[in-house]
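In listed order, ligands and their atoms are each counted from 1.
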Amino acid sequence: MDEIKIGLVGLGTVGSSVLKMVTENSDKVQNITGRNLSIKTVVVRNVAKHQAEVPAGVTVTDDLNTIVDDPEIKIVVEVMGGVHPAKEVITALLNAKKHVVTANKDLIASAGEELAALAKQNHCDLMYEASVAGGIPILRTIVTSFAADYITEVKGIVNGTTNYILTQMQRKHWSYDQALMKAQELGFAESDPTNDVEGIDAAYKMVILSQFSYGTHIKLSNMAVEGISTIQQADVQQADAFGYTIKLLGIARRIDDGVFAEVGPVLVPQDHPLATINNENNAVMVTGQAVGETLFYGPGAGGLPTANSVLSDIVSVTKNIVLGTTGNSFNNYQSQVGKVDPRDVIYPYYLSLKMLDAPGEMLKFTQIMTQIGASFSQIVQTKNDDQTARVVIITHEMSKAQLSDLKTSLSQINTISLLAAYKVL
Ligand SMILES: NC(=O)C1=CN([C@@H]2O[C@H](COP(=O)(O)OP(=O)(O)OC[C@H]3O[C@@H](n4cnc5c(N)ncnc54)[C@H](OP(=O)(O)O)[C@@H]3O)[C@@H](O)[C@H]2O)C=CC1
Ligand SMILES: N[C@@H](CC=O)C(=O)O
Ligand code: NA
């Protein structure tokens with residue numbers, strides 16, 4: 001039987017699981033593709049650390065050229081992470097006519113179009129199912145099963161680390177730091193978890209999801225992105241008392257002929273499916289004009305779930321090699337979209353305010369709300385230890401433009417500060 005040799009760049013959480021799956025599940029893959037797949041060479045930084053982790057016959061090296069110059073290696077999996085030198089690595093591999101499978105959302109969100117063009121030029125495949133929502137097969141599902149439907153919204157929990165942290169803060173009342181440390185220990189977090197907790201990892205995934213859903217590239221710099229590092233335990237408990245769970249959501253929604261995309265903490269009603277997604281699990285809700293609402297749920301991080309997505313790409317590439325159909329883009333949809341007016345982006349908001357606990361302060365706030373034409377449905381005031389009070393409000397629907405006016409007006413009052421403004425689903 002014909003053999004297809006694979007190169008692996010990175011042998012951490014995901015890489016070691018890819019090695020395990022290729023080694024242990026080869027019979028089924030062979031049955032499906034008619035090809036015997038095996039890992040020939042692994043590239044890492046620290047060869048001594050990894051030498052004992054690979055089966056006999058697999059080469060471990062710190063020299064990428066061992067793969068680039070090996071004509072026997074047809075497919076290479078990049079799971080080293082980060083934009084540089086991963087971009088240079090994938091560029092060299094594609095120029096050497098290797099098909100590439102990657103889990104690297106940082107790189108695909110920032111240079112995906114350029115790399116896809118390079119792949120096409122070299123008649124190579126470039127696939128990245130694992131880059132969005134780890135083990136959930138969401139990208140290929142959008143490409144194939146939503147090909148004819150008009151997607152109006154894609155939203156969800158697309159970062160495992162932050163969902164794990166929020167779950168532990170809400171259910172076990174763990175501190176933020178304690179929960180983050182455990183997420184790192186479990187291999188969910190990036191090597192530097194800043195992108196996880198600041199919402200940037202989720203934003204990368206929304207960029208890729210938007211590309212697949214709307215055929216358009218949304219620049220990260222045009223997206224409002226907020227993480228979870230400033231969420232207070234008090235907000236988690238207060239949201240719970242109001243009947244909501246705080247989740248870090250990515251939302252990309254068609255509004256008229258534009259697409260609005262944002263990442264931030266959102267209060268999700270406790271009976272909404274997204275409120276029930278816990279720990280490192282992710283869920284992506286895709287709404288199509290024909291199909292209506294669909295929900296895809298599964299592990300968003302972790303070695304084996306992510307490796308399963310990598311393997312699904314390897315199998316797709318192998319089928320293309322067998323059929324002689326390599327060199328087609330993972331996502332072919334391209335479309336022009338317009339700008340969204342902030343007056344058309346409308347949600348209720350959860351506002352957490354700190355104000356001087358003195359007569360007239362609340363009146364100042366309600367006057368501003370009246371001036372901007374906004375109103376609220378729920379309000380709770382608690383006294384702080386000092387001369388201030390914590391006031392938490394759920395507003396009626398208001399636009400992003402009104403929220404922006406509210407922030408501007410509040411910034412001019414030194415006795416009231418806005419601690420948090422989260423959308424309410
Ligand atoms: N962990 C997860 O749950 C998920 C991760 N991903 C993505 O998968 C990718 C890998 O993540 P993960 O496995 O967690 O990362 P790890 O940090 O666990 O592993 C990274 C691996 O890459 C190697 N590496 C890093 N830099 C270089 C370099 N310059 N040259 C050669 N080798 C290098 C490291 O080698 P050494 O050990 O010698 O330093 C290590 O083996 C990332 O893009 C991540 O975003 C996607 C979905 C889920
Ligand atoms: N760090 C990421 C890993 C998967 O993409 C996450 O926590 O979701
Ligand atoms: Na996926």
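- Rounding to 10 degrees, one finds that the Na ion (ligand 3) sits at the corner of an angle of 80° between E129 OE2 and I136 O.
- Closer than 4.0 Å to atom 15 (O) of ligand 1 lies none of the heavy atoms of the protein.
- Interface of F188 with ligand 2, defined as ligand atoms under 4.0 Å from a residue heavy atom, comprises 1 (N), 2 (C), 3 (C), 6 (C), 7 (O).
- Ligand 2 has no atom lying under 4.0 Å from any heavy atom of G134.
- The protein heavy-atom contact nearest to atom 18 (O) of ligand 1 is T13 N, 3.0 Å.
- Between R254 and E153, no side-chain nitrogen of the basic residue sits less than 4.0 Å from a carboxylate oxygen of the acidic one, so the salt-bridge criterion is not met.
- Against a heavy-atom cut-off of under 4.0 Å, E190 is close to the following atoms of ligand 2: 1 (N), 2 (C), 3 (C).
- In this structure, D149 contributes its side chain and I151 its backbone to no donor-acceptor pair below 3.5 Å.
- At the top of the distance list for atom 7 (O) of ligand 2, counting protein heavy atoms only, stands T161 OG1, 2.6 Å.
- Within ligand 1, the atoms closer than 4.0 Å to a non-hydrogen atom of G187 are 1 (N), 2 (C), 3 (O), numbered from 1 in the order shown.
- Near N159, meaning under 4.0 Å from one of its heavy atoms, ligand 2 places the atoms 2 (C), 6 (C), 7 (O), 8 (O).
- Residue contact check: V79 has heavy atoms under 4.0 Å from atoms 10 (C), 20 (C), 21 (C), 22 (O) of ligand 1.
- A side-chain donor-acceptor contact under 3.5 Å links E129 to the backbone of R140.
- With hydrogens left out, the protein atom closest to atom 41 (O) of ligand 1 is L11 N, 2.8 Å, a heavy atom.
- Remark: the backbone N or O of G82 is not paired with any side-chain donor or acceptor of D106 at under 3.5 angstrom.
- In summary, the atoms of ligand 1 found under 4.0 Å from a heavy atom of A301, numbered by their order in the structure, are 3 (O).
- Which parts of ligand 2 touch K205 is read off a 4.0 Å heavy-atom cut-off, strictly below it: atoms 2 (C), 4 (C), 5 (O), 6 (C), 8 (O).
- Checked by distance only, ligand 1 and P85 stay at 3.5 Å or farther apart across all their nitrogen or oxygen atoms.
- Looking at T306 against ligand 1, only its side chain comes within 4.0 Å, counting heavy atoms.
- What sits closest to atom 46 (C) of ligand 1 on the protein, heavy atoms only, is A103 O, 3.6 Å.
- Listed by number with element, the atoms of ligand 1 under 4.0 Å from a non-hydrogen atom of A130 are 46 (C), 47 (C).
- The contact set between ligand 2 and K105, taken as ligand atoms under 4.0 Å from a residue heavy atom, comprises 2 (C), 3 (C), 4 (C), 5 (O).
- Distance alone, capped at 3.5 Å, is enough to place a donor-acceptor pair between the N104 side chain and the L107 backbone.
- The closest approach between a heavy atom of E280 and any atom of ligand 2 is not below 4.0 Å.
- Under the 6.0 Å cut-off for aromatic ring centres, F330 and F212 qualify, their centroids lying closer than that.
- Looking only at atom types and distance, the side chain of Y164 has no donor-acceptor partner in the side chain of N281 under 3.5 Å away.
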Evaluation steps, salt bridge (Lys or Arg N to Asp or Glu O under 4.0 Å), between D235 and R390: CA-CA 11 Å; D235 291 315; R390 186 168 173 277; 2.8 Å; yes
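- In this structure, CD1 on I346 lies 14.5 Å from NE2 on H396, to the nearest 0.5 angstrom.
- We find that K400 and D405 are not joined by a salt bridge, their nearest charged nitrogen and carboxylate oxygen being 4.0 Å or further apart.
- Polar contact with ligand 1: present for E190 (N/O pair, distance under 3.5 Å).
- When distances to the Na ion (ligand 3) are checked against a cut-off of 3.0 Å, I138 contributes no N, O or S atom below that limit.
- At a 3.5 angstrom cut-off on N or O pairs, G303 does not count as close to ligand 1.
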Salt bridge (Lys or Arg N to Asp or Glu O under 4.0 Å) assessment of K105 paired with D201: CA-CA 8 Å; K105 49 275 153 109; D201 178 83; 2.8 Å; yes
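- For atom 8 (O) of ligand 2, the closest heavy atom belonging to the protein is G160 N, 2.7 Å.
- Using a 4.0 Å cut-off between charged side-chain N and carboxylate O, E262 and R253 make no salt bridge.
- T194 and D192 share a side-chain donor-acceptor pair at under 3.5 Å.
- Listed for the K205 side chain is a donor-acceptor partner under 3.5 Å among the backbone atoms of V158.
- In this structure, the separation between CD on E190 and CD1 on I200 is 11.0 Å, given to the nearest 0.5 Å.
- Counting protein heavy atoms only, atom 24 (N) of ligand 1 is closest to M80 CB, 3.8 Å.
- For the residue pair E3 and N36, a side-chain donor N or O sits within less than 3.5 Å of a side-chain acceptor on the partner.
- If you check which protein heavy atom lies closest to atom 38 (O) of ligand 1, you get N46 N, 2.8 Å.
- Of all protein heavy atoms, the one lying nearest to atom 3 (O) of ligand 1 is G302 N, 2.6 Å.
- Atom 19 (O) of ligand 1 has G12 CA, 3.3 Å as its closest protein atom, hydrogens excluded (heavy atom only).
- With hydrogens and angles ignored, the 3.5 Å screen pairs a side-chain donor or acceptor of K247 with a backbone N or O of I277.
- Residue, atom and distance of the protein heavy atom nearest to atom 11 (O) of ligand 1 are V14 CG2, 4.0 Å.
- With ligand atoms numbered from 1 in the order given, ligand 2 contributes 1 (N), 2 (C), 6 (C), 7 (O) to contacts under 4.0 Å with heavy atoms of D196.
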